[in-house]
Protein chains: 2
Amino acid sequence: MITFSKQDFLKNIYKQKEKGNDSTSASYLADVLNVSNAAISDMSKKLSIDGLIHYRPYKGLVLTSQGEKEALKVLRRHRLWEMFLVKTLGMDWSEVHEEAENLEHLSSDQLMDKIDAFLDFPDFDPHGSPIPDRDGNMPDSPVLILLNKAKTGEEYKIARVMDSDNKIIKYLGKAGLVIGARIKIIDKFDFDNSINVLINGKEMILSEKVSKTIYLELLN
Amino acid sequence: MITFSKQDFLKNIYKQKEKGNDSTSASYLADVLNVSNAAISDMSKKLSIDGLIHYRPYKGLVLTSQGEKEALKVLRRHRLWEMFLVKTLGMDWSEVHEEAENLEHLSSDQLMDKIDAFLDFPDFDPHGSPIPDRDGNMPDSPVLILLNKAKTGEEYKIARVMDSDNKIIKYLGKAGLVIGARIKIIDKFDFDNSINVLINGKEMILSEKVSKTIYLELLN
DNA sequence: ATATTTTTTTAAGCTTACTTAAATTTAAAC
DNA sequence: GTTTAAATTTAAGTAAGCTTAAAAAAATAT
Ligand SMILES: [Mn+2]
Ligand SMILES: [Mn+2]
Ligand SMILES: [Mn+2]
Ligand SMILES: [Mn+2]
């Protein structure tokens, strides 16, 4: 088995790719993994030797196909655990990420397959992120856009919220900004990039920070 | 959080105590933890400094009350996970020990309390081992004796099987030697310490090795 | 084009959890 | 009560995953 550190390393490169960044910078990884840049350099060499990433000094980090396979396995475990914790044990969607961050590292494939079946093979986790199947295939998903970039007057459905501070996720839940909720863009303010939206018939202002964690699907 | 290695170390001292051994030898621990004796010496010093064990060189290892508290927490997690894997996910009782051996190390107290409640607060795990409650209190359990030391002619109920090779656990299951099964001692053979028993109306011979993994409760 | 800033790597060192080999202590055998 | 054997500790060393500080490369600004 690949170590926890390596799993988290590969996973975060994949998540960057999922977000549209073909390669990941060392400093970004240092930041999300909470380690020094030197540690990233170090680990990059090791993972390169393991054949899990393509590494050219001073260039961004890219997964090999084997590295991507590993990353997808970690992501599958993470997202299935989150779904299980919310659906079966009734934990709040703001609490499960941290727990899954640990559980993702050492549950067997057989266990995950059992949980997958128990949950009736969900396509998305409680935050709207796609769950790879046991072969590493992602479910089809609609095109999403950041709330940040949504158009005034249009109506959308909340499709996904990004991993972030669980205080933000908790705040979203309380504000009714949950997966599937309808949201209409009323106005956008240039001066601070905040957005005025309509949720459940209620108007509210969302800060730039908040609007950057929400992904939408256009209705109609 | 205490490291995996330390958790396993403390847990195994506790399990020895549970078995009636007031103190645990270094060589025994080296054996069950699959590390060298030198590693045990090393770790003993560290745990002593941590205040988790009483350590006098060349003497057996004994948990401090804080060490016992830690051990009970690990055991609670281990046994609740086993119960969950069997009862909820339908895994075989011979498969769950290994999985629990990992899961026991990093699931939060809140998560374990949720699982405990979901399972309706079980007192014993699938192998008949007692599950400590969230305060570290063990459930009341009847006096048990090793099948090895059971009396000819008496009838018993299988109450617990010890952690051991999962091939043995699998074998026990197939032979009907499950928790709660009635068993009658027909004959004991001195020459190889095997035992002739009656299970589900079927006679069978159990080897010494097998009979040493089974604990019984006397009926009537 | 050069200077400055930012990013990344290299170098040296630390802690944890191990290892093997040698020394020591304790227990057992005669 | 010696001698011998077994258990345990000490000593020296390794790999993983980090750290800080210094050096080098790449990007940005003037
Ligand atoms: Mn998550
Ligand atoms: Mn993680
Ligand atoms: Mn077990
Ligand atoms: Mn364990």
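Convention: sequence-line order gives letters A, B, ...; per-chain numbering from 1.
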Between side-chain atoms of residues 135-148 of chain B and protein atoms elsewhere (two or more places apart, or another chain), which donor-acceptor pairs fall under 3.5 Å?
from: Asn148(B); atom 1: ND2; to: Ser211(B); atom 2: OG; distance (Å): 3.2

Study note, to complete from the structure: Assert: residue with more 5' nearest nucleotide on DNA chain D, out of Ser25(B) and Thr3(A), is Ser25(B)
Nearest-Å distance for atom pair [atom1]/[atom2], residues [X] and [N]:
| X | N | atom1 | atom2 | value |
| --- | --- | --- | --- | --- |
| Lys46(A) | dT14(D) | NZ | C1' | 13 Å |
| Leu29(A) | dC18(D) | CG | P | 12 Å |
| Ile2(A) | dA15(D) | CD1 | C1' | 16 Å |
| Asp8(A) | dA16(D) | CG | C1' | 15 Å |
| Tyr28(A) | dT8(C) | OH | P | 13 Å |
| Asp31(B) | dC18(C) | CG | P | 15 Å |
| Phe4(B) | dA17(C) | CZ | C1' | 14 Å |

Review point. When you check the side-chain N and O atoms of Asp8(A) and His105(A), is any donor under 3.5 Å from an acceptor?
Key: yes
Taking only nitrogen or oxygen atoms into account, show me every contact under 3.5 Å that the protein makes with nucleotides 9-13 of chain D, one pair per line with its distance.
from: dT9(D); atom 1: OP1; to: Tyr55(B); atom 2: OH; distance (Å): 2.5
from: dT9(D); atom 1: OP1; to: Tyr58(B); atom 2: N; distance (Å): 3.0
from: dT9(D); atom 1: OP2; to: Ser41(B); atom 2: OG; distance (Å): 2.5
from: dT9(D); atom 1: O5'; to: Ser41(B); atom 2: OG; distance (Å): 3.0
from: dT9(D); atom 1: O4'; to: Tyr58(B); atom 2: OH; distance (Å): 3.4
from: dT10(D); atom 1: OP2; to: Lys45(B); atom 2: NZ; distance (Å): 3.0

Please list, one pair per line, the donor and acceptor atoms closer than 3.5 Å that link side chains of residues 34-52 of chain B to other protein atoms, with sequence neighbours excluded.
from: Ser36(B); atom 1: OG; to: Ala39(B); atom 2: N; distance (Å): 3.1
from: Ser44(B); atom 1: OG; to: Ile40(B); atom 2: O; distance (Å): 2.7
from: Asp50(B); atom 1: OD2; to: Lys6(B); atom 2: NZ; distance (Å): 2.8

Point to revise | Pairing residues for Glu95(A) by the salt bridge (Lys or Arg N to Asp or Glu O under 4.0 Å) criterion, not counting sequence neighbours | key: none
Point to revise | Arg79(A): partners by salt bridge (Lys or Arg N to Asp or Glu O under 4.0 Å), with sequence neighbours left out | key: Glu18(A)
Exercise for review: Could you check if a side-chain atom of His78(A) sits within less than 4.5 angstrom of a side-chain atom of Glu101(A), using non-hydrogen atoms only?
Suggested key: yes
Point to revise | Sugar-phosphate only, base, or nothing, as touched by Ser27(B) at under 4.0 Å among non-hydrogen atoms | key: sugar-phosphate
Please list, for nucleotides 2-4 of chain D, all pairs of protein and nucleotide N/O atoms separated by less than 3.5 Å.
none

